[in-house]
Structures are given as structure tokens and as C-alpha cells.
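Each remark here refers to the structure printed beneath this line.
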Protein chains: 2
Amino acid sequence: MNSRKQQVINRAHQLFIEKGFQATSIQDILDYSGISKGTFYNYFSSKSELLIAIFTSLSQRIDQERNELLIGQDPSNKEIFIQQIELQMEFNQKHKLLTLFEEVFVSNDPFLKDFLNQMKMMYIRWIYNRLVDLFEESMRPFLLDCAIMFTGMLHNNIHFYFLAHPSLRDFRKVIQYSVNRLEGLVVDAAKHGEHLLTPSIWDKWLPGCPTFEEGFKKKLANSINELKMEIHDGKRIELLDFIQEEVTHSKIPRKFLIEAVLSSLENQQETGWNRKLDSLRDMIGRFFAGQEAI
Amino acid sequence: MNSRKQQVINRAHQLFIEKGFQATSIQDILDYSGISKGTFYNYFSSKSELLIAIFTSLSQRIDQERNELLIGQDPSNKEIFIQQIELQMEFNQKHKLLTLFEEVFVSNDPFLKDFLNQMKMMYIRWIYNRLVDLFEESMRPFLLDCAIMFTGMLHNNIHFYFLAHPSLRDFRKVIQYSVNRLEGLVVDAAKHGEHLLTPSIWDKWLPGCPTFEEGFKKKLANSINELKMEIHDGKRIELLDFIQEEVTHSKIPRKFLIEAVLSSLENQQETGWNRKLDSLRDMIGRFFAGQEAI
DNA sequence: ATCTATTTTATACCGGCAGTTCAATTTGTG
DNA sequence: CACAAATTGAACTGCCGGTATAAAATAGAT
């Protein structure tokens, strides 16, 4: 992307953080980023489109940062989950994401509204997928409800906690508390066997975003963790981490690279290792087959 | 209030429901309600002030309707609580209250913002007070947290449930589910003895809205219920219900009327009844004393 | 019925907004 | 240098919330 355009995005974002979206006029943006009106409308067709560019950029950043915490870690580790939420909340606060979101959500621009709705959905889906990682498979049918309730609880807790203690910046405590309640919530919902929604609704809400990929990521992480348990060879650990990173975070994972790394790993055989490595290779093979089928 | 002014309020509210607040121009309101610009600014100093008039009117209505469900009922009855929430949610939907709220919440008008913040607080406080009615006294220290989490859960549940089933209008199911989870939440929080906020924060959040009144209402309801248990005389039940209604719902309860009713009740003595009636009279006396002290 | 005071109306006006258009200018590139 | 692309900035449209005001309608009191 044009660096000038990127700079306009950054400057405008800064203004939106300070003054809000509605209260920032295009003239303000022109003055602050030192471009002319003609250039602005050359870059963006409207103020809304600029905002979408900002959200898209931020969304990619937080997604990446969030997932980086998971590299080489056990996805069922609650501590990692808490760290991810903490990261997300600090990110929200730093960039006034929720404020901008609320301000603009009820908008006359239907395109913008759809866009924000989808972002909201993807946020819930992320939480849901992480809950699938965190809890037993038998809980899965209840975890969409729990993800929805958890986000509601968490955001309300944060909102009112900071209203009561404006000076504190202690997200950690609120998140820990909310996650503790979440655990009770999951067992309670499962105990009573009650549903509101079932995870199958994802096909309707986010079609074309197959959740099998998410399940795959979890299995991949487990498999790689198992392999790492049995070696203490820094180089091979790096290679395994690279595979995980490449498969889970690249938009288009480079198949040839991953296969090369797998081959390289196979050359250094050890007892019991070979079988697990084969199973990893199988899994990745099925993943690429599934991707190409789409 | 001027009936013409009230009509403008109604017409404008209708437009806000249909098109939203921002998207409705003052000219729209003038055309739709058939007044001139001069008259509008004679009634309201700004568009925001008109909105505040709408919110104030609606807030009084929902408060009254909500409390009417409680007359002559046991405040610890969960079914009544569910009915109240159901009423509130249908009211919200009918008048697009939450939508208007969100749309306007991030506003440049600081007065409007404060006003809406206070409405939000009063909503949480109402939930909190009802939870105090519903659960054991020992749970009270955890009930503010639970009220905050419950509203978050409930609103998210409703939002996503209706997104999944747009045709259904079945608030009941979602509310029942949310209340079921709430019960688990309360025991869970109490079991772990964890806090985020303590109810003492109310002094800071809504100063001058003493919660003793709320506690009084509960005690009054209990006392009146006890009295009603021992009689099956329709006329006296009506009189007791009148007292409860007058004290809890009138802005300025008419002391002389209540005293007259109490005297009338005392004339019809029965065994064991007199003592409880005296205690009721004492309680009401202290209430008025407290009110006058403010 | 008449006089007076208030309310209502209609219209023009203000500054500011998002967005369009376009001719002139600058900049990058071979 | 020359040519194309990007950039500029001012003028313009139509809408907004809000102000100002003179004329007309209405209501109330005598």
C-alpha cells in the first residue's frame, strides 16, 4: 500500500481516537495529514471507507498478535487464553476500538454496518474456537452460548470496574475473575443440558469460513507439542514452530516449504519419533487437500 | 405538559424509531408533526433536548409498568422477576430503546451523555435491587457483580438469539435461560468468595439515591404479605395493596391517606393481627421520617 | 367586541459539513 | 527534456443544526 495513503490512515485514526469519528471532519484530516481534498478522495471514496481501512488494518494486527501468543504453546492452557484476552483488551483501549465501534455501529452506511457486524461475529467465533480448545470435547455443544455470555460478562465487568476505579489499569484482575466465572458457567450449562444456540449456526453466520480449519489448528498444535516433548534439539524445535506458524498464520501457507521442512526433519530419525512425524505429515497432507477442495 | 408539545414528542419518537436519531433531521420532524421551526425551538432548545424528553417519558413509563407487576406479590418470586425482564425487553424492542441508546451514547453533547449514563446506572441498580430480593442476604456482597454480568449475558444472548432466529419473538426462552445461568453464577461467585465490586459503590455512582428506600420497599412487601396471609377479606387486602402501591410508586406518597387507611385497618381487630399491623405502622412512620430528613 | 400579550408561522440567514468537479501545478520517470 | 501520473486547492452543490425576525394567528381580560 502507498505509504502516503498509510500515513493518512494513521493520522486519521489518531484524530478519531482523540475526537471521535463523527466529530472529526474531513477538513481536520486534511489539515492534520497534510494532503489536499482531491488526494483524499483519490484514496478513499468516503469517510466510511477510510474507517473500514482503519478497522481492517487493526483487525489484522490484533489477529496476528493474538495468535503469536499461541505459537509453540498448548492451546488448552488457560493462562495463554487470559494473556490473549488481556492483549485484546489493551489493544481495544489503546486504539479506542470499542468506542469507535459503538459510535459508528448504528450508521446510515449499510456497507459499513455489515462490515462491523462481520467483525463482531469473527470476534465471537474466535472466542468460541478458543473455548473449544480450553474445554473438553463433550462441552462443545454449549460453548457457543458460553462464548456469547462470556463476552457480554467480560465487557460489562470491564466497563463498570473501570468506572469504579478509573485510575487502575488492571485488566488482569477483571479478566481472571471473568474466566473463573466462565468455568462455572460451562459446567452449569452442561449440567442442565440447556441450549440457546448450537455451533452449527456458524455455517449461516460466517459461510465460507469452515471451522474445520480451526479444529485442524488445534490438532496440529497438539501433534507438534507431542513431538517437541521428545526432543531437546533447538534447531528441530525451531523447524516445528516454523511449520505451525506458516500453516496457521499465512493466508496461503507455502506447501513446498512445509514439505521441505518435514523432509529435513525425517532425515534425523529417533526411536518413536518417526511414527508421530508421519502422523503429522498425514495431517498436514489432509489439510492441504481440504484447502484445495474449497 | 402542552398537548401540542407532547404530540411533537410522540411524532419525533416515531420518526426516530423508523429512521434513527441521526438520520432524522429537524426538518423531518417539523413536516411530520406539522409545526414550524420557530415553535420547535420554542419547545426544545435543541434536538438533544427533545431526545432527553423522549427518554424521560419512556423511562417513567417502564418504571411504572415494571413495578406494577410487583404489587401484592412476593419480591423473591423468580417468576415475577422473569416477567419484569420480559416486559422490559419487549418495551425496549417496541420503542427501539437500545438502538437509540447506542446510537446516541457516543455523543458530543456532554449533558446528553451524562443523562444516558445515569439511565444505564439506574437500570443496573434496579437489577441489583431485584437480585437482593431474589437471593439470600448472605449473597448480597456478590450481587452487584452478578447484576453487571447478568445484564451483559442477557443482552448478548438476546442479540445473538434473534440474529439466529429473526422470526421468533420468544424473549421468554432466552430470559429463562439467562436467569438459570444467573443462579449458577451467584452460587459460583459466593463459593469462591470472589469480588470485583462491592455494593458500597452505589454511594459514589448514584449519590442521593439512598438504597435504604429500596430495602424499605422489600421489608414493606414482606410485612404486607405476612398480614395478607392471615386474612381472606377482599376489602382489607385491597387496602393493604393500596398502601404498598402508594408508598412505592408515588413520587410523593400521601402520608395522610396512608395513615387514614392504617386507622381504618386497626378498627377491625383480629387475634395476632394487631401486633403485625403496629409493626407496619412503625415501619412506615420511620420511612416518612427518613424522607423528610433528606 | 376590542385591545393586548403571547404563540405560531414563514422565510431568510449563518457557519459548517460531506462530497464533486476541474483546471492548474507538481512530481516521477524514461 | 518531455510525457504521464499524481497532487493541489478553490469553487460549487446540497444538506444540516441553529438563529433571527417580522408578520399573522390565537387567546384572555376588560
Side-chain angles (χ1 to χ4, degrees), chain A residues 1-55 100 103-116, chain B residues 1-55 100 103-116:
Chain A
M1 174 168 331
N2 187 343
S3 76
R4 200 167 160 77
K5 182 172 175 181
Q6 187 60 52
Q7 214 227 343
V8 175
I9 291 180
N10 295 338
R11 291 289 210 165
H13 181 204
Q14 211 169 321
L15 283 178
F16 291 164
I17 288 175
E18 287 165 16
K19 308 178 28 172
F21 177 74
Q22 310 269 10
T24 301
S25 73
I26 287 187
Q27 193 57 53
D28 292 336
I29 299 169
L30 304 185
D31 296 343
Y32 192 59
S33 54
I35 61 165
S36 72
K37 209 163 197 176
T39 307
F40 181 90
Y41 281 99
N42 184 26
Y43 289 154
F44 313 100
S45 70
S46 70
K47 207 172 144 190
S48 292
E49 202 180 281
L50 164 62
L51 189 68
I52 288 182
I54 291 175
F55 275 132
L100 276 179
E103 177 177 9
V104 155
F105 194 75
V106 186
S107 152
N108 303 322
D109 185 338
F111 187 75
L112 179 56
K113 204 170 170 175
D114 282 357
F115 176 83
L116 294 181
Chain B
M1 173 168 328
N2 186 344
S3 75
R4 200 169 162 77
K5 182 173 176 182
Q6 187 61 53
Q7 213 225 344
V8 176
I9 292 180
N10 295 338
R11 292 289 212 166
H13 181 204
Q14 211 169 320
L15 283 178
F16 291 165
I17 288 176
E18 287 165 17
K19 306 178 30 172
F21 177 73
Q22 309 269 11
T24 302
S25 73
I26 289 186
Q27 192 57 51
D28 291 336
I29 299 169
L30 304 185
D31 297 342
Y32 192 59
S33 55
I35 61 165
S36 73
K37 208 162 193 174
T39 306
F40 180 92
Y41 280 98
N42 185 26
Y43 290 154
F44 313 99
S45 71
S46 71
K47 206 173 145 190
S48 293
E49 202 181 279
L50 164 62
L51 189 69
I52 288 182
I54 292 175
F55 275 132
L100 277 179
E103 178 177 7
V104 154
F105 194 75
V106 185
S107 153
N108 303 323
D109 184 340
F111 188 74
L112 180 56
K113 204 170 168 174
D114 283 355
F115 177 82
L116 294 181

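In what follows, every chain begins at residue 1, and chains take the letters A, B, ... in the order their sequences are listed.
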Set of residues satisfying side-chain hydrogen bond (donor to acceptor under 3.5 Å, both in side chains) with respect to Tyr41(B), sequence neighbours excluded
none
Mind checking if Thr24(A) touches a base, just sugar-phosphate, or nothing, with heavy atoms under 4.0 Å?
sugar-phosphate
So which protein N/O to nucleotides 22-24 of chain D N/O distances come out below 3.5 Å?
none

Is it the case that the side chain of Glu103(A) and the backbone of Gly20(A) share a donor-acceptor pair, with hydrogens and angles ignored and the cut-off at 3.5 Å?
no
Side-chain donor/acceptor of Ser33(B) to backbone N/O of Ile29(B), under 3.5 Å:
yes
Atom-to-atom span, CD of Glu49(B) to P of dG17(D) - whole angstrom:
16 Å
Nearest-angstrom distance from the residue atom CG of Leu30(A) to P of dG16(C):
16 Å
With a 4.0 Å heavy-atom cut-off, tell me which residues in residues 34-47 of chain A come close to DNA chain C, sorted by residue number.
Lys37(A), Tyr41(A), Ser46(A), Lys47(A)
Look at the side chain of Ile26(A) and decide which nucleotide, out of dT9(C), dG19(C), dT7(D), has an atom nearest to it.
dG19(C)
According to salt bridge (Lys or Arg N to Asp or Glu O under 4.0 Å), does anything in residues 43-55 of chain B pair up with another residue at least two apart or in another chain? List the pairs.
none
For the pair made of CD in Gln27(B) and C1' in dT9(C), what is the distance, rounded to whole Å?
13 Å
Whole-Å gap separating C1' (dC16(D)) and CD1 (Ile29(B)):
12 Å
Set of residues satisfying ring-ring contact (aromatic ring centres under 6.0 Å, His included) with respect to Phe115(B), sequence neighbours excluded
none
For residues 32-46 of chain A, the salt bridge (Lys or Arg N to Asp or Glu O under 4.0 Å) pairs (sequence neighbours left out) are none
Residues forming a side-chain hydrogen bond (donor to acceptor under 3.5 Å, both in side chains) with Gln14(B), sequence neighbours excluded
Tyr32(B)
Rounded interatomic separation in angstrom, taking CZ from Arg4(A) and C1' from dA5(D):
14 Å
Roughly, in whole Å, what's the span from CG in Asp31(B) to P in dC15(D)?
13 Å
Partner residues of Asp28(B) under the salt bridge (charged side-chain N to carboxylate O under 4.0 Å, His left out) criterion, sequence neighbours left out:
Lys19(B)
Phe44(B) meets the ring-ring contact (aromatic ring centres under 6.0 Å, His included) criterion, sequence neighbours left out, with Phe40(B)
